[in-house]
Amino acid sequence: MKKYNFILTILAATALISSCGNQGNNNSTGALASSAAEKAYVAPGEHDEFYAFMSGGYSGNITVYGLPSGRLFKEIPVFSQFPTSGYGYSEETKPMLNTSFGFVPWDDAHHPDISQTNGELDGRWIFINGNNTPRIARVSLSTFETEEIIELPNSAGNHSSSFITENTEYVVAGTRFSVPIPQRDMPINEYKGNFKGSLSFISIAPETGRLNLDFQMIMPGFNYDLSHPGRGKSHGWFFFTTYNTEEANTLQEVNASQNDKDFIAAVNWKMVADYVKNGGGTKMATEYAHNVYDEHTHTATSTMKKEVITVDPTEVPGAVFFLPTPKSPHGCDVDPSGQYIIGNGKLSADLTIHSFDKMIAAIEGEKFDGEAYGIPILRFEDVLAGTVKSGGLGPLHTEFDDKGNAYTTFFISSEVVKWKLGTWEVLDRQPTFYSVGHLMIPGGNSRKPFGKYVVAMNKITKDRYLPTGPEMEHSAQIYDISGDKMELIYDFPTHGEPHYAAGCPADLLAPKSKKIYRLDDNKHPYAVTSPDQAKVVREGNEVHVYMSTIRSHFTPDNIEGIKVGDKVYFHITNHEQDFDVPHGFAMIGQNTSELLIMPGQTKTSVWEPKKVGVWPFYCTDFCSALHQEMQGYVRVSPADSNVPLTYSLGE
Ligand code: K7E
Ligand code: CUA
């Protein structure tokens, strides 16, 4: 019961901080100071120094911001339908959201991670996890569009995801919930010993980025909360924090906090990958969707996979060890050298830092402190590098700069604490507004961080902005960390609930950002490459409209001979070959969203007319001075009418 009281005290402390009103506002060091304003100011027409990619949390998407300005550049739809562009509504993109559960048009996205080469950001792709219906997505950093989504079987609450190994060999995804594997009908209170946690290793093809679920480790029934790859000397290992090593199935807020220490699981993935390559592991029948978008056909396909290779960790001795880590650790972060593994015990004030070298020595010396389900437990004292005595409360996540410093967020005491790697001394602390979750330094999860800014992403907004009813967007703060002390320079609202973010220098991406899709490269089966190829074709009660758009005209713009009960496919090709000139398409009464079609692209919208009449459509993007003239009509006749199919080609 003592533990329960401790948790209640912590919750009460949170409430106190959350309701502190303006009291936390310290304008003397805040953005009102003119030097701070200059640091965040990006003059009109000037560009930002960094891109910041924030997860959208329950928006299911990624938002792209500039640093240090905090300006929003784009929302990239990933796991959620997005009516702004038609993602998940157009016929071409619906397959992206297919799963073994059917069409799932939403998810909860937490941790973006940018691809790496030799442990440094390379700017090819960004990956992100869907928590709720376990999926991993790959987004192109040339088109800023989602190119691939792979579902993860045997996983639930895909949270310790998606993190990249230092040459983008694997994107790694761990389960939060342990579940029966394979799924079956069984009593929940038989959890202990029967439920299992899967850790998925998804290989990435070096040239194309194609994802393949290489193998899954079937681990004891703990909750696998967060993870990070080893790097440098620890490349080849992956580290996962766990909680609920008690294996409780109910009242987890109490029952999963009984053990003084849970574990960080250290997995030698190279060893397991070799084992699998040499025929190890067990093939298991299962079902998961693999969805791929083709930039040339502008179309996604969904394939259902039927098999996965599972590995029982006890089959590969020497591959998996448990490092005892206090107080239900959340964040699991590895410093740029790969030497230190930091566990942030949510219910603790201190941070535990493990040493990779000590871990290897302890493994070689076979100094174990028992085992759990056949997995050796190392002795806490043998692997401990040090402890940061911070005095903060509720540590969650740590990032790193390029000067040997680490920065940890404290949710309960609402602050970012800067400390020194190796000496563990606290160097600085700054309040956040309020209740910070993750933080992000561009490249902070790589061998080469760019330690100029840190962005704190907060869970509670309260008085930071003008009120907008009960719902406030979450708040973020940007601190300049180039000096000894962190300086708050800007405060901005974010969209959805950004958990983690990934940032990179602008010049890594801007020069190769795609400007148009080439029309002569358009392989869409319903594309028309010039307006005179536009046509309307009836196949039974399906009607295919091959439509072209160019400022400021749809071809055809008058269609007759459509009947109630038809299914009309508008396949629309944008003939512009100019940067940033999309056209839109919307049809009155249509039970779907608009389309936004990029230059050189083809997209398809389905309309099932239900009422007789003459119904208009129009372009939704103000594309030229004659944009309002960019419109047309479809005549819909009764189901039994004999009005012939005709259409205008504008000659
Ligand atoms: Cu701490 Cu999902 Cu990374 Cu939120 S998680 S904060
Ligand atoms: Cu095309 Cu407006």
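For ligands, and for the atoms within them, numbers begin at 1 and follow the listed sequence. Note that the structure is predicted; figures quoted are calculated from it, not measured.
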Quiz item: Please state the angle at atom 3 (Cu) of ligand 1 spanned by NE2 of His438 and NE2 of His111: what is it, rounded to 10 degrees?
Solution: 100°

Exercise. Find all atoms of ligand 1 within a distance of less than 4.0 Å from any non-hydrogen atom belonging to Lys459, and give their numbers and elements.
Key: 4 (Cu), 6 (S)

Quiz prompt | Under 4.0 Å to a heavy atom of His397 - the qualifying atoms of ligand 1, by number | solution = 1 (Cu), 3 (Cu), 5 (S), 6 (S)

Practice problem: With sequence neighbours left out, write down each residue that passes salt bridge (Lys or Arg N to Asp or Glu O under 4.0 Å) with Asp557, or none if nothing qualifies. | Solution: none

Quiz item: Shortest non-hydrogen contact from Thr175 to Ala156?
Solution: OG1-N, 2.8 Å

Quiz prompt | For Gly437, atoms of ligand 1 separated by under 4.0 Å from a heavy atom | solution = 6 (S)

Quiz prompt | Exceeds 12 heavy-atom contacts within 6.0 angstrom, atom OH of Tyr58 | solution = yes

Quiz item: What atoms in ligand 1 come closer than 4.0 Å to a heavy atom of His330?
Solution: 1 (Cu), 5 (S)

Quiz item: Roughly, to 10 degrees, what angle do His110 atom ND1 and His159 atom NE2 form around atom 2 (Cu) of ligand 1?
Solution: 100°

Practice problem: Measure the distance from atom 4 (Cu) of ligand 1 to every protein heavy atom, then report the residue, atom name and distance (to 0.1 Å) of the closest one. | Solution: His499 ND1, 2.0 Å

Practice problem: Quick one: sort the His544 and Tyr569 rings into parallel, tilted or perpendicular, breaks at 30° and 60°. | Solution: parallel

Quiz prompt | Heavy-atom gap Met457 to ligand 1 smaller than 4.0 Å | solution = no

Practice problem: Decide yes or no on salt bridge (Lys or Arg N to Asp or Glu O under 4.0 Å) for Glu145 and Lys74, but give the supporting numbers first. | Solution: CA-CA 11 Å; Glu145 297 286 343; Lys74 182 175 175 162; 3.3 Å; yes

Exercise. With the side chain counted from C-beta on, respond yes when His397 and Leu439 share a heavy-atom pair under 4.5 Å apart, and no when they do not.
Key: yes

